[in-house]
Each structure stands twice: as C-alpha cells, then as structure tokens.
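Each remark here refers to the structure printed beneath this line.
Computed over heavy atoms, backbone and side chain alike; hydrogens, waters and symmetry mates excluded. Residue numbers start from 1 in every chain, and the chains themselves are labelled A, B, ... in the order their sequence lines are given, proteins ahead of strands.
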Amino acid sequence: MELLEGLNEAQIKAVTAPDGPVLVLAGPGSGKTRVLTRRVAYLIQDHGVPPWRIIAVTFTNKAAREMRSRIENMMEKEPGANGTKGLMMGTFHATCATIMRREAAHLPVSREFVIYDTSDQLALMKEIITTELGLDEKRYSADKLLNRISTLKNDLITPETFRPNSYFDEIIHRAYEAYRIRLLTADAVDFDDLLLHTALMFRTNCEVLLRYQNTVDHVLVDEFQDTNAAQYEIVRHLSGLRKNLFCVGDEDQSIYRWRGADYKNVLRLKSDYPELTTILLEQNYRSSQTILEASRAVIDVNQQRTPKKLFTEKEAGPTIILYEAYDERDEAQFVVDTIATLVATHEVEPGGCAVMYRTNAQSRTLEETFIRSGLPYKLVGATRFYARREIKDTIAYLRLVHNIDDRVSLRRVINTPPRGIGDKTVATLDVYADSQGVSAGAALLHLADSPDANLIGGRAGSALTGFAHLLAGWRSVAESTPLGRLLQLILDETGFLESLDDGTDQGQDRIDNVLEMLKLTNEVEDIPLVEFLEEIALVSEVDDLTEATNAPTLLTLHSAKGLEFDVVLLVGLEEGVLPHSRSLDDLEQMEEERRLMYVGMTRARQRLYLLHTFQRTVWGKSDLSLPSRFIDDIPAHLLSTTRGAGMSQSYRHQTTWGKSSRPPRISEDDSTASPAGQQFKSGQRVFHARFGEGIVIESRRSGNDEEVSVVFEEAGLKRLMASFANMELLEG
DNA sequence: CTGATGGGCCTTTTT
DNA sequence: GGCCCATCAG
C-alpha cells in the first residue's frame with residue numbers, strides 16, 4: 001500500500017490502528033506528524049470515511065495547512081472524488097470558533113462575534129478596574145487579574161462555580177464577573193472563551209452534543225501533551241459516542257503548562273478509556289547519534305516522566321559545539337559567522353539554519369548583527385504584524401464597522417487620529433448610552449440621526465457628531481463595498497495615514513504597514529468582513545512564515561516546536577535566561593525549562609551549537625552570567641568547547657594575574673576599596689578547596705552575606721556565597 | 001484637549 | 001535600554 005511506504009512497524013501499527021481510542025507516545029523526530037497525516041489519508045481513502053466526518057486538531061495553523069496539503073498530495077485525485085472537502089482541520093481555537101459561529105443560537109454571543117486578543121483584553125480590564133471596581137491599579141494590575149481569570153477559564157471554572165477563599169480571590173471573582181458581562185455586551189470573546197463556550201455548550205446542551213457526536217466519526221489530536229482541561233473536555237465530548245480518538249504526543253515536549261496545558265491529560269486518557277491502545281514511537285529519524293544522545297542526557301534528569309528508549313540508526317555526526325561568547329554581541333557575531341561559513345562551504349542552505357532563544361527580547365542583538373552583516377533572516381513572532389499599534393487601529397475601525405457594540409474598538413478609534421474627543425466627552429457619551437440602555441457605539445449612531453444639541457455642546461459636541469456621521473456612513477456601505485474599498489474610504493475620511501507621518505523613519509514604517517494592510521484587504525476582497533477579522537485574530541505570524549525566502553530563521557524555543565532544521569544554534573544558555581529566572585524556585589517550572597532545552601536541541605538534524613555568554617546586558621545593565629545548568633548534564637565527550645576572542649582576552653588578562661595594562665573588569669558600582677563588612681575585593685587571589693586557585697573579579701553584599709565572583713584557573717567563572725564557600729585569600 | 005516630558009517598570013513563553 | 005503612563009503647560 002502506497003500509504004504505508006517508508007514507514008516502520010510501529011508507525012504502520014499506528015496509521016492502521018483499528019477503531020477505538022489510540023494514544024501514540026512518540027519521541028522527537030519519530031514521524032509523529034507523518035503518522036497523523038497518513039492516518040487521516042488512510043481513513044478517507046482506505047476506510048471510506050467521508051472527510052467531513054473527521055476532525056483533526058493541530059497546534060498551529062501552519063501545521064494544519066501543511067498537513068492538509070500533504071494529505072491532498074497523497075490521495076489520488078480521481079475525477080469526482082471529493083478529496084479533503086469538508087475535513088475540519090485546524091487549531092483548537094479555530095475549530096471552536098467555527099463551531100461557535102455555527103451554533104451561535106445556543107450561545108450567549110451572536111454569530112458575528114469578534115475575537116479579542118491580549119491587548120484588547122488588557123484595555124477592557126483596565127477600564128473595568130478603574131471605572132467599575134474602583135480598584136488600585138498598582139495592587140490589582142489588569143494582567144494579573146486576566147492571568148488568573150485565564151487559568152480559571154482553562155479549567156472550565158465560571159463565575160458561578162468559582163469559590164473564592166481569600167480576599168484576593170474575591171477581587172478576582174468580581175473582576176471575572178464584570179469582565180464576562182463586558183465581553184458579552186460587546187459581542188466579543190477572548191481566546192479562552194473560544195474553548196470555554198464550546199466546552200460548556202457541549203456539557204449543557206444535549207441536542208447539540210448529540211448532533212456532533214452523530215456526525216463526527218474520528219477525532220485526531222496532535223501535540224496532545226499540550227492540551228488543557230477545556231480542550232480535553234471538548235475532545236472527550238466530540239469522540240464520545242464512537243470513541244474513535246487518536247492522540248499523538250510526547251510528554252517530554254510539554255512546554256505550555258503556563259497556559260493551562262496539563263500533560264497529566266495523558267494519564268487521564270488512560271483512566272477514561274480503559275480500552276486505550278498505546279503505541280510507542282521510539283526511533284528518531286531526524287537527529288544525529290550525537291545530538292540525540294546529548295538531548296537524552298538532558299531530559300533524563302527530569303523526575304516526572306516515563307522513560308523512553310529513543311534510538312537512531314543515523315551516524316554519530318559532528319560533535320556539538322559549545323561556544324562561550326564574551327557578551328551577547330560576540331554571541332550574535334559567532335552565530336552569523338558560523339552560518340556564513342557553513343553556507344560558504346556548502347554544508348547547509350541558509351534556510352536550513354535556525355537560531356533559538358528563550359525570550360523574544362534576545363532577538364534584538366541577533367537582528368542587528370544580521371543586518372550589519374548584510375545577511376537576510378526570517379524572524380518569527382516578536383512584534384507581530386497584527387499587534388502593531390497602527391495595524392490594531394486599522395483593524396479596530398473595521399471591527400467597529402462590523403460590530404457597533406465593540407467597546408474596545410470604539411475606545412481605540414474614537415479619538416484616533418486626534419479629533420477632539422477626550423475622556424470627558426466619552427464619559428458623557430457613556431452616561432447617555434446607559435440612559436438609553438444601549439452600547440456607546442449604538443448611542444453614537446443614534447446621535448448621527450438626531451443630534452441632541454443639549455447633550456454635548458460646543459467643540460466636543462460637533463467633533464462627536466462629526467465622527468458619528470463618518471461611522472454611520474461606513475456602516476451603510478459596508479455590506480456592498482469590497483473590503484479594500486471600505487478600508488480606503490475609512491483611511492481617506494479620517495486622515496489616518498497623514499496623521500502617522502511625523503517625518504521620522506518610524507512614521508514612514510507605520511504608513512508602510514498600513515499600506516501593507518490595505519494591500520492585504522484588496523487581495524481578499526471577496527471574503528466577508530467577519531471571516532477576515534477572524535483570520536487575523538487567530539492566525540499568528542508564525543504560521544505564514546514564508547518558506548520561499550532562503551534565509552536563517554530566528555525564533556523562540558516555544559515557536560520551534562514541531563519544526564526541524566539542519567543546523568540549530570541555541571543562544572543564551574545561561575542561568576536566569578534558560579532556565580529563566582522566574583522558574584528557578586519551582587521544581588515543576590524548572591522541569592519545563594529543561595523540556596524547553598530538550599525541544600530546542602532535538603530540532604537539529606546535523607549540527608548543534610550551544611552558546612552562552614560571559615556577561616550579558618539586561619535592561620541596559622551588564623552583569624556576569626553563569627552557564628546554564630543544563631549544559632552540565634551533557635556528557636563531555638559529545639562537546640567541543642571554544643571561546644570567543646573577546647572572551648579569551650579578558651580571561652588572559654584576568655588569569656595572568658594582573659599583569660595586563662587594562663584594569664580588571666569590575667561592575668560599575670564596585671570600588672577598589674573593600675566596603676565595610678566585605679571579606680573579598682576584586683583582583684585578589686583566592687584558593688578554593690574544590691576549584692583551586694582563582695582571582696576575584698567582583699564581590700558585593702547580598703543580604704547578610706557576600707556574593708563573590710571568581711575566575712578559577714581550572715573551573716572557570718563561579719559565583720559563590722562567602723559564608724558557604726570554603727575559600728581563603730592567598731598572598732598576592 | 002493635545003503633545004511633550006520624565007519617571008517607573010520591566011521580560012517569559014502563544015492561541 | 002525602551003515602553004507605558006501620569007503629569008503639566010499651552
């Protein structure tokens with residue numbers, strides 16, 4: 001059978017598994033996606049399952065799109081055959097949005113609902129905190145409240161079922177309730193609501209549930225380890241009747257715990273479906289022996305996992321290069337030089353390389369260095385196109401035209417560009433709207449029809465009615481006007497583009513972005529506004545990463561999931577960066593950081609580079625860094641260590657015991673005089689029971705103790721607490 | 001009401 | 001080092 005060509009025994013077993021619940025536990029590079037893809041094709045082609053009876057959920061839109069095109073390619077395109085028509089395949093969020101629009105009659109929103117992103121949520125919550133709850137924004141910040149509410153939603157807890165047991169929880173409860181009402185009146189949902197509403201609808205509405213259960217024959221879930229409680233419940237509901245549930249995942253790659261993901265869903269699955277067939281995919285087809293062995297050594301340290309016997313038949317491959325850069329600029333330079341060299345020697349295509357980091361902020365130095373070297377690159381995430389201020393403004397206009405009750409969008413555009421409608425005028429409008437029992441947007445439209453001179457007089461009043469007329473005008477033509485024309489009209493009548501032109505380069509960038517947006521709306525002009533809005537809400541930039549450009553990819557470790565590259569460079573492998581400082585005190589979080597490292601390492605096919613710096617600048621302040629603890633777990637024989645030029649110089653200077661003409665590098669606030677109560681100062685030679693001889697490069701007070709940074713001749717840089725370190729001063 | 005200015009705060013990670 | 005926000009003069 002062509003479908004099964006090139007598959008190993010375990011993979012075939014998975015693809016052709018009989019009906020019933022199946023769990024495929026697979027290591028990295030074991031062909032998970034391949035199995036899932038072929039399983040879908042197998043069901044349609046060999047089992048005659050109609051595509052519209054299959055729901056497959058993936059983690060990103062990109063994965064879904066790729067999978068769909070592969071399935072289409074795989075299946076013979078006989079004339080008359082439907083191919084994949086009707087096959088529901090997308091992210092959890094997109095799938096739920098589709099279901100929600102279809103079943104809007106059974107939901108508290110209309111089928112025209114808009115989707116609020118993080119910044120919309122934030123704007124809404126800020127308004128609630130100050131105007132409605134009268135809370136101190138310092139103590140109860142919008143993002144803290146939203147985080148808690150998000151966690152509750154992911155666990156399917158509503159304001160009704162939430163049982164606060166602390167004062168803080170009481171505040172959360174009130175905020176949650178107010179937030180929910182505001183969302184519903186704006187006919188809006190946030191990301192979590194897509195899951196929550198869908199799950200609750202299935203839970204409470206038997207008629208709808210049965211309809212879906214009777215339609216859906218097969219449910220397939222990719223990246224199952226990253227599902228949260230809401231997603232798990234949706235999956236359970238959908239596959240309830242036939243139990244044809246096919247889950248693929250790897251608990252070692254679970255990196256979304258902070259988003260409510262719970263790999264214990266794997267255990268839950270086992271107890272919820274006693275008849276579950278579990279299939280292990282342990283052969284790795286991606287990475288070299290060396291890379292696999294090193295990754296395994298890192299992940300094996302985690303306690304809470306089922307050990308796997310990952311293996312590969314590939315060759316050992318090159319050793320892993322561990323590079324100690326002087327600082328982040330040296331690090332970036334090494335990245336660029338390495339890629340340039342590998343490309344020049346035809347070892348790899350530029351597009352086969354990826355640079356991965358823990359936080360988005362780290363991309364900056366890398367970008368600068370790439371630009372300075374004149375080399376192109378692809379950046380994933382960071383400042384997403386749709387998240388830019390000017391683009392959000394543009395979208396807000398469209399959203400408001402589409403849905404007049406959209407409070408957040410109204411607030412956003414009512415005075416953008418400045419047209420003389422300030423907070424006070426908006427407050428007056430709100431009072432008026434309340435008295436009429438309608439939303440502020442609806443009240444505004446009403447004002448366009450019958451101006452009420454007594455409501456708001458003077459300049460503010462005419463500004464308001466002026467805007468009301470514009471808005472009413474757009475709304476009256478929205479239905480009959482193509483999207484691009486509508487947006488053009490809005491831009492013309494508001495003078496938005498002109499307002500962006502402040503003569504700076506940034507201003508020009510903003511204009512270009514809006515023009516790009518205009519181009520986009522012209523290209524898609526035949527789709528309804530609501531679909532366009534949904535598309536831009538749910539499709540992040542990660543997804544339309546253009547394969548066309550042959551350039552290295554810069555991306556976070558999180559967005560690297562599911563991808564693979566010939567050459568991978570992991571940067572910033574330092575304590576506080578990876579593992580991240582926010583995870584240092586929590587075992588579970590630390591294990592997640594380790595999985596993140598593991599995910600990064602296992603993206604590499606042939607060559608892996610691990611980089612850390614001697615000192616890193618964080619928030620404009622430079623500080624010494626310690627190599628990540630995860631590096632220590634890699635067997636030494638798999639590594640080959642080198643150091644940057646800047647690095648070795650500085651070391652030479654410090655390890656030649658003060659003979660250099662350059663002063664020892666010390667932090668700005670340090671002084672040669674030892675402050676009272678400090679035992680050590682920079683430049684001193686010390687002897688440590690375990691690390692041997694070294695030289696102090698920095699010492700500073702830390703609580704009642706003293707934190708000493710020492711470069712040892714053998715062991716390199718260590719940071720020690722004076723009271724614990726068995727260390728004595730040498731004459732010198 | 002707007003735009004300029006300076007202070008405080010910050011950075012996980014994404015749909 | 002940069003972004004967001006509060007504050008203030010015009």
Please determine, for the side chain of [X], which listed nucleotide ([options]) has the closest atom?
{"X": "A:Lys126", "options": "C:dC5, B:dT11, B:dG3", "result": "C:dC5"}
{"X": "A:Trp619", "options": "B:dT11, B:dT13, B:dT2", "result": "B:dT11"}
{"X": "A:Asn360", "options": "B:dT2, B:dT11, B:dT13", "result": "B:dT13"}
{"X": "A:Arg364", "options": "C:dG2, B:dT15, B:dT2", "result": "C:dG2"}
{"X": "A:Thr91", "options": "B:dT15, B:dT14, B:dT11", "result": "B:dT15"}

Do A:Thr359 and A:Gln362 have a side chain donor and acceptor closer than 3.5 Å? yes
Please name all residues satisfying side-chain contact (heavy atoms from CB on, under 4.5 Å) with A:Arg412, sequence neighbours left out, ordered by chain then number.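 Result, side-chain contact (heavy atoms from CB on, under 4.5 Å) vs A:Arg412: A:Arg389, A:Lys392, A:Asp393, A:Ala396.
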With nearest nucleotide decided by heavy atoms, which residue, A:His580 or A:Phe191, maps closer to the 5′ end of DNA chain B? A:His580
Go nucleotide by nucleotide along DNA chain B from the 5' end; which of A:Gln121 and A:Ser583 gets its closest nucleotide reached first?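 Closest to the 5' end, via its nearest nucleotide, is A:Ser583.
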Measuring from atom SG of A:Cys96 to atom CG of A:Leu196, what distance do you get when rounded to the nearest 0.5 angstrom? 10.0 Å
Just to be sure I understand the rule, does A:Gln589 reach a base, reach only the sugar-phosphate, or reach nothing, if contact means heavy atoms closer than 4.0 Å?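 Base: the residue A:Gln589, judged by heavy atoms under 4.0 Å, touches a nucleobase.
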Where along residues 255-263 of chain A does a heavy atom come under 4.0 Å from DNA chain B, residue by residue in number order? A:Tyr256, A:Trp258, A:Arg259
Nearest whole angstrom, please: distance from the C1' of B:dT13 to the CE of A:Met590. 15 Å
Find out whether the Lys NZ or Arg CZ of A:Arg259 is both under 6.0 angstrom from the six-membered ring centre of A:Tyr256 and within 45° of the ring's axis. yes
Heavy-atom closest contact (A:Leu36 atom, A:Val221 atom, distance): CD1-O, 4.4 Å
